[in-house]
Chemist: 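For reference, the structure I am asking about is given below.
Just so it is clear, the model here is predicted, and its values are computed rather than measured.
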Amino acid sequence: MKTFNYIQLGIVILGSLSLASCGGNKAPQQQGPPPAVPVTTYKVADQPVTTTDTYPGVVVALNEVELRAQVGGYITAIYVKDGQKVNKGQKLYEIDRTKYIAAYNSAKANLAVAKANRDKTKKDADRYTKLAQQDAVAKQRVDYALTDLANAESQVTAAQANVSSAANDLQRSIIVSPLNGTIGISQVKLGALVSPGTTLLNTVSTNNPIAVDIAVGQEEIPRFEQMKKNPQAVKDSLFSIQLPDGSTYKRQGHIVAIDRAVDPATGTIKVRISYPNETNKLFAGMTVNLNALNKAAQHQLVIPFKAVSEMLGQYNVMVVGDSSKAVPRIVKLGKQFEQNIVITDGLKSGEMIVVEGVQNVRPGAVVKEVSAAEANGQQPAAGAKK
């Protein structure tokens, strides 16, 4: 029995020693606060804001006329080359004039016959009138003579109208340019049969000045109306054009017209802006982007766009508060311009926000101001001050 008790006591002592040795290895360690996160900051301030609004636009000619035949026949002459500059009244096309010349000559001959008949009936009427004054002829005969004279006068008037109509048809067999401009590619060739009012021969349009049409939202109508009335609009270069090749058309434009009504299907209204085009860089039908400066009436809060992060459809910035701790703040964004963005709600002037290194900052973390390179995890240059 005593031997068994000694064995139990030994086991208890060994267990105690083992527990003591294990507990000695787990000495408590004291941990300090995490290091400050290196960032760059920006002091929020209000400032005048001029943003650029971009609108898809289409280049249109201020004056454009479709040339259509007004009389029928075969094309017998084309006096201009495709794409040629033309002057108002210059001959462009000729339609076979044979029948129109014949019709004009026939109308003139009929007019001459009508005039001769009128002259004869007038003499008869004058003679019978004098005889009636002498009671040498019945008054009924005078009435007949006067009626014949009236009919002859009407025939002369009708013949003159026929001459005028034939002359117009003859004149319309020569198509002339209605304005100074450029003619397009001919839609007909020599010998082609054209029909009056339906056959399109060509199109003539003016190139200088030229215009760009854009569609703006109905809520922007007051601003564009004001720009139309503003005589400084041209001097301020409010409107510039980005061409399809990416270059900028540097001539200054001004609003010449705002459409009479809003399109109910789109809620937009058409605005037409005119530009000088001496070098013919703008062609009718060309699609461009029109950039319009938008100057805010009041100062607005502006911050670097890189300071903004998005999460679950909300935009946040890290605001540096007391004890240099960064706290997320939900903000509402306005218009972006260059590398900056307008903040419409969520910040106040004078507050500090994190710009560089924001991806490393956790809510409540302490931050410290460093260079932009250090905030992005880059090593400072040799010899740089820390």
Chemist: Would you give me the side-chain donor-acceptor pairs under 3.5 Å for residues 157-171, sequence neighbours excluded?
Modeler:
{"from": "Thr157", "atom 1": "OG1", "to": "Glu153", "atom 2": "O", "distance (Å)": "3.1"}
{"from": "Asn162", "atom 1": "ND2", "to": "Ala158", "atom 2": "O", "distance (Å)": "3.4"}
{"from": "Asn168", "atom 1": "ND2", "to": "Ser164", "atom 2": "O", "distance (Å)": "3.3"}

Chemist: Which atom pair, heavy atoms only, marks the closest approach of Ala152 to Arg118?
Modeler: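 Scanning both residues completely, I find the closest heavy atoms to be CB-CA, 3.4 Å.
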
Chemist: Could you go through Tyr55 and Asn291, starting from their C-alpha distance and side-chain angles, then the distance that decides it, and tell me whether this counts as side-chain hydrogen bond (donor to acceptor under 3.5 Å, both in side chains)?
Modeler: CA-CA 7 Å; Tyr55 303 89; Asn291 299 318; over 6 Å; no

Chemist: Please say whether more than 12 non-hydrogen atoms of neighbouring residues, nucleotides or ligands are located less than 6.0 Å from CD in Gln339.
Modeler: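 It does not: Gln339 CD has 12 such atoms or fewer within range.
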
Chemist: Look at atom CG of Asp322 and say whether more than 12 heavy atoms of other residues, nucleotides or ligands are closer to it than 6.0 Å.
Modeler: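 Incorrect, the count does not exceed 12.
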
Chemist: Only one of Thr40, Val317, Val355 clears side chain to side chain contact (heavy atoms under 4.5 Å, CB included) with Pro304; which?
Modeler: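 Only one of Thr40, Val317, Val355 forms a side chain to side chain contact (heavy atoms under 4.5 Å, CB included) with Pro304, namely Val355.
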
Chemist: Minimum heavy-atom separation for Tyr42 and Gln47, please, with both atom names.
Modeler: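 For Tyr42 versus Gln47, the nearest heavy atoms are OH-OE1, 4.4 Å.
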
Chemist: Indicate whether any N or O donor in one side chain lies under 3.5 Å from an N or O acceptor in the other, for Glu369 and Thr41.
Modeler: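 The answer is yes; a qualifying pair exists.
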
Chemist: Going by atom types alone, do Lys332 and Thr344 pair a side-chain donor with an acceptor below 3.5 Å?
Modeler: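 No, no side-chain donor-acceptor contact under 3.5 Å.
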
Chemist: Begin with the C-alpha distance, continue with both residues' side-chain angles, and end with the deciding distance and a verdict on salt bridge (charged side-chain N to carboxylate O under 4.0 Å, His left out) for Glu351 and Lys43.
Modeler: CA-CA 6 Å; Glu351 290 186 307; Lys43 186 176 182 179; over 6 Å; no

Chemist: Assess whether atom CD of Gln140 is packed by more than 12 heavy atoms of other residues, nucleotides or ligands within 6.0 Å.
Modeler: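 No.
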
Chemist: Once salt bridge (charged side-chain N to carboxylate O under 4.0 Å, His left out) is applied, what residue pairs with a partner in residues 272-289 remain, sequence neighbours excluded?
Modeler: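 For residues 272-289, and leaving out neighbouring residues, the salt bridge (charged side-chain N to carboxylate O under 4.0 Å, His left out) pairs sorted by first residue read Asp213-Arg272, Arg251-Glu278.
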
Chemist: Mind checking what makes salt bridge (charged side-chain N to carboxylate O under 4.0 Å, His left out) contact with Arg97, not counting sequence neighbours?
Modeler: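 Residues passing salt bridge (charged side-chain N to carboxylate O under 4.0 Å, His left out) with Arg97: none at all.
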
Chemist: Using a cut-off of 6.0 Å, state whether more than 12 heavy atoms not belonging to Tyr315 lie near its atom OH.
Modeler: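 Not more than 12 within 6.0 Å, no.
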
Chemist: Could you tabulate the donor-acceptor pairs under 3.5 Å formed by side-chain atoms of residues 100-111, not counting sequence neighbours?
Modeler:
{"from": "Tyr100", "atom 1": "OH", "to": "Gly72", "atom 2": "N", "distance (Å)": "3.3"}
{"from": "Tyr100", "atom 1": "OH", "to": "Gly72", "atom 2": "O", "distance (Å)": "2.5"}
{"from": "Asn105", "atom 1": "ND2", "to": "Ile101", "atom 2": "O", "distance (Å)": "3.3"}
{"from": "Asn110", "atom 1": "ND2", "to": "Ser106", "atom 2": "O", "distance (Å)": "3.3"}

Chemist: Closest heavy-atom contact between Leu62 and Pro209?
Modeler: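 So the two residues come closest at CD1-CG, 3.6 Å.
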
Chemist: Sequence neighbours excluded, which residues qualify as side-chain contact (heavy atoms from CB on, under 4.5 Å) partners of Thr76?
Modeler: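 side-chain contact (heavy atoms from CB on, under 4.5 Å) list for Thr76, sorted by chain: Glu94, Asp96.
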
Chemist: Check for me, please, whether Val44 and Ile343 land in the same ILVMFWY cluster - side-chain distances under 4.5 Å, paths through other members count.
Modeler: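 Yes; tracing contacts between hydrophobic side chains, which count when under 4.5 Å, links both residues.
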
Chemist: If you compare all heavy atoms of Val367 against all heavy atoms of Ala326, which two are closest, and at what distance to 0.1 Å?
Modeler: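 Closest heavy-atom pair between Val367 and Ala326: CG1-CB, 4.1 Å.
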
Chemist: Once side-chain hydrogen bond (donor to acceptor under 3.5 Å, both in side chains) is applied, do any residues pair with Asn117, and if so which ones, sequence neighbours excluded?
Modeler: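 Partners of Asn117 by the side-chain hydrogen bond (donor to acceptor under 3.5 Å, both in side chains) criterion, ordered by chain and then number, come out as Gln155.
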
Chemist: Could you walk me through whether Leu282 and Tyr249 pass side-chain contact (heavy atoms from CB on, under 4.5 Å), step by step?
Modeler: CA-CA 9 Å; Leu282 299 178; Tyr249 188 68; 3.8 Å; yes

Chemist: Under 3.5 Å, is there a donor-acceptor pair linking the side chains of Thr182 and Asn207?
Modeler: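 Side chains of Thr182 and Asn207: pair found under 3.5 Å.
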
Chemist: Do any N or O atoms from the side chain of Asp259 and from the backbone of Lys270 form a donor-acceptor pair under 3.5 angstrom?
Modeler: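 No, Asp259 side chain to Lys270 backbone: no donor-acceptor pair under 3.5 Å.
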
Chemist: For side-chain contact (heavy atoms from CB on, under 4.5 Å), just list the numbers for Ile341 and Val302, CA-CA rounded to whole Å, side-chain angles, deciding distance to a tenth of an Å, and then say yes or no.
Modeler: CA-CA 6 Å; Ile341 193 163; Val302 177; over 6 Å; no

Chemist: I would like to know whether Arg223 and Glu220 meet salt bridge (charged side-chain N to carboxylate O under 4.0 Å, His left out); could you show each step before the answer?
Modeler: CA-CA 5 Å; Arg223 182 166 72 92; Glu220 297 185 87; 2.8 Å; yes

